[in-house]
Amino acid sequence: MIRDASSMDRPIERPRGLSRRNLFYLVAFLVVLSALAVTYPSIRRWAQAETSVDISRIRIGEVVRGDLVRDISADGRTVAAFHPTLFSPARGMVSLAVRAGEVVEVGQVLCRVRSPELESRLEQERSTLLSLESDLGRQRILSQQTRLQNEQAIGLLEVELEAARRAMDRAQRTRDEGLLNAVEYEQAQDNVAISSLKLEVARKEAAFESDSLDFELQNRQSQVERQQIVVDELVRQVDELIIRS
């Protein structure tokens, strides 16, 4: 007779740690929590967004950092330093016009710088300018003389053509009267044709030579103008050698 089952029972110890099911639940919970943490800012912005607008309807401008410049109007007085520094545009010998500590006015000469090199260049360029101006004057005189000679030559050819035409008229009347042979009449015709051709060629040559003279005159004038600019620049540099207050 079996009184109870105590003799057949054996206590079973509970396993330490988490079971497989609990471990699976824990891992799943951590994965879901991590996904929520990553997507939370996007979800929050999406939840707070009100209305979407097409990008083509939005004007986008680039914002850069810069200085804000403003005009300020103020009254004041400028006081020169005790040891001002003056700079000369060229090297040379300095001649002081005032002493240190003296009171000077605006525009008063403080010192003069004599630069032999700059002054020599100025004299050379002035000499070149005078030479170019002389060439320009000679070219103008030559142009006038050439035009006068061409006009004189054309005038003489016009007179010669008129004389040949009158001789042709006389030869025509003489031939009509039967007092002139055919050879002399044809010679008179040739003289008229030759004189007319000479006059036409002379007029064309005069027009061509006039254009050439105008071009040469314009070229000389341009050279003078360019040289005048060089001289003016050197004069400006020499004037800057006079340091004013």
Side-chain angles (χ1 to χ4, degrees), residues 61-155 201-245:
E62 183 180 359
V63 179
V64 295
R65 179 178 295 179
D67 298 333
L68 180 61
V69 181
R70 293 182 178 179
D71 295 334
I72 299 176
S73 178
D75 297 332
R77 183 177 61 180
T78 303
V79 180
F82 290 102
H83 301 285
T85 303
L86 303 178
F87 297 92
S88 172
R91 296 181 180 181
M93 296 174 289
V94 181
S95 176
L96 298 177
V98 294
R99 296 181 180 179
E102 291 185 1
V103 179
V104 296
E105 299 178 354
V106 177
Q108 182 177 347
V109 177
L110 301 180
C111 62
R112 293 180 175 85
V113 180
R114 185 175 179 274
S115 175
E117 180 181 359
L118 191 58
E119 293 176 357
S120 176
R121 284 184 53 195
L122 177 59
E123 294 300 327
Q124 292 176 3
E125 299 299 338
R126 281 178 174 172
S127 177
T128 304
L129 178 60
L130 292 176
S131 177
L132 292 176
E133 289 177 348
S134 299
D135 293 341
L136 178 60
R138 284 193 296 269
Q139 184 63 33
R140 287 175 178 172
I141 295 174
L142 178 62
S143 298
Q144 294 177 358
Q145 290 178 349
T146 304
R147 288 189 176 93
L148 183 60
Q149 292 175 358
N150 291 334
E151 291 177 359
Q152 183 179 2
I154 291 174
V201 172
R203 286 176 177 174
K204 291 181 179 180
E205 290 180 351
F208 177 77
E209 193 168 5
S210 178
D211 294 339
S212 178
L213 292 174
D214 291 339
F215 176 78
E216 185 65 25
L217 191 63
Q218 184 178 2
N219 186 25
R220 298 291 178 88
Q221 182 67 34
S222 299
Q223 292 178 0
V224 171
E225 292 176 356
R226 288 195 298 268
Q227 187 63 27
Q228 184 65 50
I229 294 175
V230 175
V231 173
D232 293 341
E233 177 62 22
L234 289 175
V235 170
R236 184 189 64 80
Q237 295 180 12
V238 172
D239 291 340
E240 288 183 352
L241 295 178
I242 302 176
I243 310 301
R244 304 179 184 272
S245 61

*Keeping the roles fixed (side chain from S210, backbone from A206), state whether a donor-acceptor pair exists under 3.5 Å.*
no
*Should L148 and Q144 count as side-chain neighbours, where that means a heavy-atom distance under 4.5 Å?*
no
*Under 3.5 Å, is there a donor-acceptor pair between the side chain of S127 and the main chain of E123?*
no
*Does S212 reach the main-chain N or O of F208 with its side chain, forming a donor-acceptor pair under 3.5 Å?*
no
*What distance do E151 atom CD and Q149 atom CD have between them, rounded to the nearest 0.5 Å?*
11.0 Å
*asked:* Quick check for you: to the nearest 0.5 Å, what is the distance between S115 atom OG and R121 atom CZ?
replied: 9.5 Å
*Check the pair L136 / L132 against side chain to side chain contact (heavy atoms under 4.5 Å, CB included), numbers first and verdict last.*
CA-CA 6 Å; L136 178 60; L132 292 176; over 6 Å; no
*Any side-chain donor paired with an acceptor under 3.5 Å for Q237 and E233?*
yes
*Atom CD of E209 and atom OG1 of T146: how far apart are they, to the nearest 0.5 Å?*
5.5 Å
Name the atoms and distances for all side-chain donor-acceptor pairs under 3.5 Å in residues 217-229, with sequence neighbours left out.
| residue | atom | partner | partner atom | Å |
| --- | --- | --- | --- | --- |
| R220 | NE | E216 | OE2 | 3.0 |
| R220 | NH1 | D135 | O | 3.4 |
| R220 | NH2 | E216 | OE2 | 3.3 |
| Q221 | OE1 | R140 | NH2 | 3.2 |
| S222 | OG | Q218 | O | 3.0 |
| Q227 | NE2 | E125 | O | 3.0 |
| Q227 | NE2 | E125 | OE1 | 2.4 |
| Q228 | NE2 | D232 | OD1 | 2.9 |

_Sub-4.5 Å side-chain heavy-atom contact between L234 and R126_ = no
_Among residues at least two apart in sequence or on other chains, which ones pass salt bridge (Lys or Arg N to Asp or Glu O under 4.0 Å) with R147?_
D214
*For the side chain of S143 and the backbone of Q139, is there at least one donor-acceptor N/O pair under 3.5 Å apart?*
yes
